[in-house]
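Report on the structure given below.
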Protein chains: 2
Amino acid sequence: MSIPAQKPGTDSAMPPASAAGLPAHELIYRQLREQILFGEIAPGEAVTIQGLCLRLGAGMTPVREAIRRLIAEGALQFQGNRRVTVPQLQPSHVGEIIYARQWLESHLALRATQNAQASDLAQLALIDQRLDQAIARGELHAYLRHNYLFHATIYSLADAPVLANMAEGLWLRFGPSLRVMIGRIGTQNQPDKHKDLLACMRTGDAEGAARAMREDMLQGMEQIRHILESPGQRG
Amino acid sequence: MSIPAQKPGTDSAMPPASAAGLPAHELIYRQLREQILFGEIAPGEAVTIQGLCLRLGAGMTPVREAIRRLIAEGALQFQGNRRVTVPQLQPSHVGEIIYARQWLESHLALRATQNAQASDLAQLALIDQRLDQAIARGELHAYLRHNYLFHATIYSLADAPVLANMAEGLWLRFGPSLRVMIGRIGTQNQPDKHKDLLACMRTGDAEGAARAMREDMLQGMEQIRHILESPGQRG
DNA sequence: GGCCCAAGAATATGATCAAATGTCTGCTTG
DNA sequence: CAAGCAGACATTTGATCATATTCTTGGGCC
């Protein structure tokens, strides 16, 4: 996704308010994206433009633009006759996503290992530590957010904007189902390969990092596939 | 307010235009997409909302939605200060796209071979025949369109919507530069592997089809990379 | 050369029009 | 007489437009 370029403003003091100065459609896009990835909106749920206008207290135009953008990214789908919903992930789609993430994420991890500075590794370790906290406390929202942040940080380290963009796009597709899966199984039963991955990155073992990333991804995706194929689809 | 809207049973004069009934933002999106892929708008060129409103004779809202969508797909980029342009492809991006298309297109060709019916193969052969005509006549526009159509048809045959979507998204990124490249080199010097690919598909040799597709892609992308790295970037 | 002002373009709002869905009523039929 | 279906209506929602507002930018003036 495109992080808007440095504010061409005159001053140097960028206030910590992250939401300052950005256009409304950008803010709405981010809010909706968050809610789809981590939050309130479940797979299969329908969203209405006017409902969002009320919920977010915004006008129609920015909401419409944000929705178009999310549809283009696959986070929402146009359900034929004017109805927009969060897509239900199909088991066959999981297979496609696994195939794509295998070569995307492993390559991104490889390149990130080659580029990573000590400060980057420290930041990743911090994120992973917070992730462990969220697991221990069973905090669903924090778990999802930090897990995503861990991967997204590696994407940005890879210095491969096109591939990173593709990988982030895939998160929007399986993210909602990931949330359902974790919500049902719990954060406790989520072993990850982040420690292995970080160890490889520290020693510069790019191939090993790629392998760890691939295994980490596979673990999660197979659980999603299992949930989707089991009876008792969401209600 | 209570004017009973006559049910559209009073048809009689339904224009055969295929573009009928679709919302304006969808039509504008398609027009812009065409123009970026095959047509008038060159890499680096800036597009203004109001300019498009005049050129396409549409209101602002549909134009804005179409632009957001194209930005999300990477066909346009948000140039910081409220300026929207067609991105200039960087040589490093070409490397990323090659890496992605290797996996994507070969897999899609493999699956398409497994799914293809005789009628599908006939349609592909027809497209390729028209492509050869365009090459022989040096028709740039027809060449680009049929080349894209050939690949897009294979994507749709693969029955893998997520991967096909990713592959089509990549076309929007290198399409404009492909047009520049062909425009400079000419259609004559564009050997393709389409005949090999079709032969493999006819015999059910999925692996061979994947290999041919990969080689076809590599030929084109390397030429794009060469053009980008050569002096005299277009202006 | 720097600052102010004006023009133009993008953002955002609300209103208006059209279409679709869901409901309600009345008629027909078993 | 009750139940089911059909047709119209009303409400909800999406699509589009005209307009106000803000921000950038370029030129003119001091």
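None of the values given here were measured: they were computed from a predicted structure. Throughout, a chain's letter reflects where its sequence line sits, starting with A, and its residues are numbered from 1.
Considering only side-chain atoms of His25(A), the nucleotide from dG14(D), dA12(C), dC23(D) that sits closest is dA12(C).
Residues Arg83(A) and Arg82(B) both approach DNA chain C. Their nearest nucleotides, taken by heavy-atom distance, put Arg82(B) toward the 5′ side.
At whole-Å resolution of the value, CG in Leu52(A) and P in dT13(D) are 11 Å apart. What separates CD of Glu65(B) from P of dA10(C) is a distance of 16 Å, to the nearest Å. The distance from atom CD of Glu26(A) to atom P of dA10(C) is 17 Å, rounded to the nearest whole Å. Taking atom CG of residue Leu54(A) and atom C1' of nucleotide dG14(D), one finds them 14 Å apart after rounding to whole Å. For Ile49(A) and dT16(D), the CD1 to C1' distance is 12 Å, given to the nearest whole Å.
The environment of CH2 in Trp171(B) is crowded: more than 12 heavy-atom neighbours from other residues, nucleotides or ligands sit within 6.0 Å.
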Under 3.5 Å, which N/O atoms of the protein pair with N/O atoms of nucleotides 13-16 of chain C?
residue, atom, partner, partner atom, Å
dT13(C), OP2, Gly59(A), N, 3.0
dT13(C), O4, Thr61(A), OG1, 3.4

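Between Glu65(A) and Tyr29(A), the side chains place no donor N or O within less than 3.5 Å of an acceptor N or O (distance only, hydrogens not considered).
In this structure, the side chain to side chain contact (heavy atoms under 4.5 Å, CB included) partners of Pro87(B), at least two apart in sequence or on a different chain, are Gln77(B).
Between Arg145(B) and Glu139(B), no side-chain nitrogen of the basic residue sits less than 4.0 Å from a carboxylate oxygen of the acidic one, so the salt-bridge criterion is not met.
In this model, the phosphate group of dA10(C) is not approached by any side-chain N or O of Arg64(B) to a distance below 4.0 Å at OP1 or OP2. Considering only side-chain N and O atoms, Arg68(B) lies under 4.0 angstrom from the phosphate OP1 or OP2 of dT11(C).
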Would you give me the side-chain donor-acceptor pairs under 3.5 Å for residues 116-123 of chain B, sequence neighbours excluded?
residue, atom, partner, partner atom, Å
Gln117(B), NE2, Asn115(B), O, 3.3
Asp120(B), OD2, Gln117(B), N, 2.9

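With rounding to the nearest 0.5 Å, the separation of CZ in Arg69(B) from CG in Leu70(A) is 12.5 Å.
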